[in-house]
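Computed from a prediction, not measured in an experiment: that's the story for all the values here. In listed order, ligands and their atoms are each counted from 1.
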Amino acid sequence: MKNKISVVKPNSIAMELGIENGDRLVSVNGNEVKDIIDYKFLMTDEYLEIEIEKQNGELWSLEIEKDYDEDFGVEFETAIMDKARSCSNKCIFCFIDQLPKGMRKSLYFKDDDSRLSFLQGNFVTLTNMNDDDIDRIIKYRISPINVSVHTTNPELRKKILNNRFAGNVYERLERLAEAGTKINAQIVTVPGINNGDELIKTVEDLYKLYPGIENVAAVPVGITKYREGLSEICGFNKITAKEELINIKALQDKYIKEIGRPFIRLSDEFYVLAEEELPEKEFYGDFHQLEDGVGMIRILRENIKNSLELLDLKISGELCFITGDSAYKEIRETANIIMNRNDKIQIKVLEVINHFFGETITVAGLLTGKDIINSLKLNKIKGNIIIPRNMLRAEDTVFLDDITVEDIEKTAQGRVIIVDYTGEDLIDKINHALKEE
Ligand code: SF4
């Protein structure tokens, strides 16, 4: 049912008015509420006339006076109060097209919905939006939005997204930026397609829209072993990743001089592939491109350094950190730092190779439970296992292949400890795990 209320928060205005789970929001100040964007915008008024349909079909008209930013206190059955829009592209690098068959149905859904961009930070291509949608973003001052640009070259963008309507991204970005919408841009970079000079040109174009476009993140394409029937593309290697770092460094230096920040940042994977040292912490500003894998290693290093004094020096015991190839060196270094501080703690770091998607997928977040179990068995590892939260889906209990945390615990005959790798969290979880032994 559209606009069905699923949560009424305790002590909220909604609760005081007698609104219950299962009721339906019909209108606000006489306006139909199409989705969460309408809702958020309409609810900012200080005087509201709200129409609610009770579960027995009764219609209630309620008048409310509230502060501008006071929460009404309800949540809806679906976060965007509408069906999520699926994408109208067929990108040459789409990860969903590279998934094996037989995985959870929800993993195959290709969303490309600006409302999810606003609510959850998802990236959108702007291709399935019409001019009215763009007007609504501007009118409702939805900001920031995260846009997958990939290239500003219209013909190339149509080719990359396999969508003949995908070429006008720059005009749309220009309109949004001029209207004051803040935009974070993302570029999935494919060697021989949109890297090198094409990437430089794209970044230079986007820079013309600064400060509307606040930041750009470039990430290397991820290639799984399931590409049968898809375009032939390749991933980066040490040499090509290094070339990209050099190219982009010239732009970053120029932008730092002009605006005091690099504007374009490359994800950590580029540095790992090129075996190059990461930039210093100042380079990453407030680390808000972590979702793109930009600055994760640097922030971990900094946070471990800052949290180390919280490590309990009286505890002792053994742990095993699980990670992928890409972060292995860094996690091993982290383990060494912790063991140097307290030599009664023994930490093994298990580098798990991604056989599920193929060895070219090296990030920890895409490891599956089965690969972890096989690796634990092969290396005869038992005891407490530390895994990063980003390996898990569905309320922190299930891996991408539906193997559960419990399955890992059975194999390891120990406990799985889920960490955020924020530094403080890691040290805190180690303190607790080993204290309880
Ligand atoms: S926009 Fe492209 S990459 Fe994203 S889901 Fe659609 S086809 Fe896949």
Side-chain angles (χ1 to χ4, degrees), residues 79-80 82-101 103-130 133-134 137 144-173 176 183-195 198-199 202 206 213 216-236 267 269 289 291-294 357-358 360-361 363 365-366 390 393 400:
I80 54 172
D82 196 10
K83 266 172 100 178
R85 281 186 201 167
S86 63
C87 94
S88 50
N89 312 311
K90 194 158 179 14
C91 300
I92 54 170
F93 47 68
C94 181
F95 201 80
I96 296 171
D97 289 339
Q98 300 182 69
L99 291 177
K101 292 198 175 78
M103 297 183 76
R104 227 173 310 146
K105 207 171 151 205
S106 59
L107 294 174
Y108 298 98
F109 179 67
K110 296 179 169 187
D111 86 66
D112 193 13
D113 197 312
S114 60
R115 297 164 299 184
L116 286 170
S117 176
F118 167 55
L119 280 179
Q120 299 169 359
N122 296 16
F123 276 86
V124 288
T125 59
L126 305 180
T127 50
N128 64 2
M129 297 172 74
N130 55 31
D133 294 322
I134 301 280
I137 290 181
I145 61 164
N146 298 334
V147 181
S148 292
V149 176
H150 307 318
T151 177
T152 50
N153 174 338
E155 290 312 310
L156 183 59
R157 194 167 193 264
K158 287 184 208 169
K159 200 172 125 192
I160 291 176
L161 274 66
N162 263 311
N163 181 342
R164 66 196 167 96
F165 302 110
N168 64 352
V169 71
Y170 194 74
E171 290 78 26
R172 293 199 147 177
L173 291 172
L176 289 166
I183 301 152
N184 299 308
Q186 183 199 56
I187 300 167
V188 175
T189 318
V190 190
I193 306 277
N194 63 342
N195 68 325
E198 284 289 349
L199 179 60
T202 295
L206 296 177
I213 296 193
V216 181
V219 302
V221 61
I223 309 249
T224 80
K225 61 185 186 190
Y226 302 98
R227 285 201 59 86
E228 214 182 296
L230 302 175
S231 331
E232 274 187 29
I233 52 171
C234 61
F236 281 90
S267 72
E269 236 184 308
Q289 291 169 299
E291 286 286 318
D292 279 312
V294 175
F357 288 118
T360 45
I361 300 296
V363 292
L366 290 172
N390 66 356
R393 309 290 178 274
L400 266 172

Practice item. Return a yes/no value: protein heavy atom under 4.0 Å from atom 4 (Fe) of ligand 1? Key: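 Answer no: nothing from the protein, no heavy atom, is under 4.0 Å.
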
Exercise for review: Examine Y226 together with F95 and report whether their ring centres are nearer than 6.0 Å.
Suggested key: no

Practice item. Answer yes if the side chains of D292 and S267 hold a donor-acceptor pair under 3.5 Å, and no otherwise. Key: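 No, no side-chain donor-acceptor pair sits under 3.5 Å.
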
Review point. Does a donor on one side chain and an acceptor on the other come within less than 3.5 Å for N195 and T189?
Key: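 Not at all, the side chains of N195 and T189 share no donor-acceptor pair under 3.5 Å.
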
Check your understanding: Can you check whether L400's main-chain N or O pairs, donor with acceptor, with R393's side chain at less than 3.5 Å?
Key ->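 Not confirmed, R393 side chain does not pair with L400 backbone.
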
Check your understanding: For Y170, what residues pass the ring-ring contact (aromatic ring centres under 6.0 Å, His included) criterion, not counting sequence neighbours?
Key -> none

Check your understanding: Is any protein N, O or S atom closer than 2.8 Å to atom 6 (Fe) of ligand 1, and if so, which?
Key ->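 Protein N, O or S atoms closer than 2.8 Å to atom 6 (Fe) of ligand 1: C87 SG.
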
Exercise for review: Answer yes or no: is there an ion pair linking D97 with K110, defined by an N-O contact shorter than 4.0 Å?
Suggested key: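 Answer for the salt bridge query: yes.
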
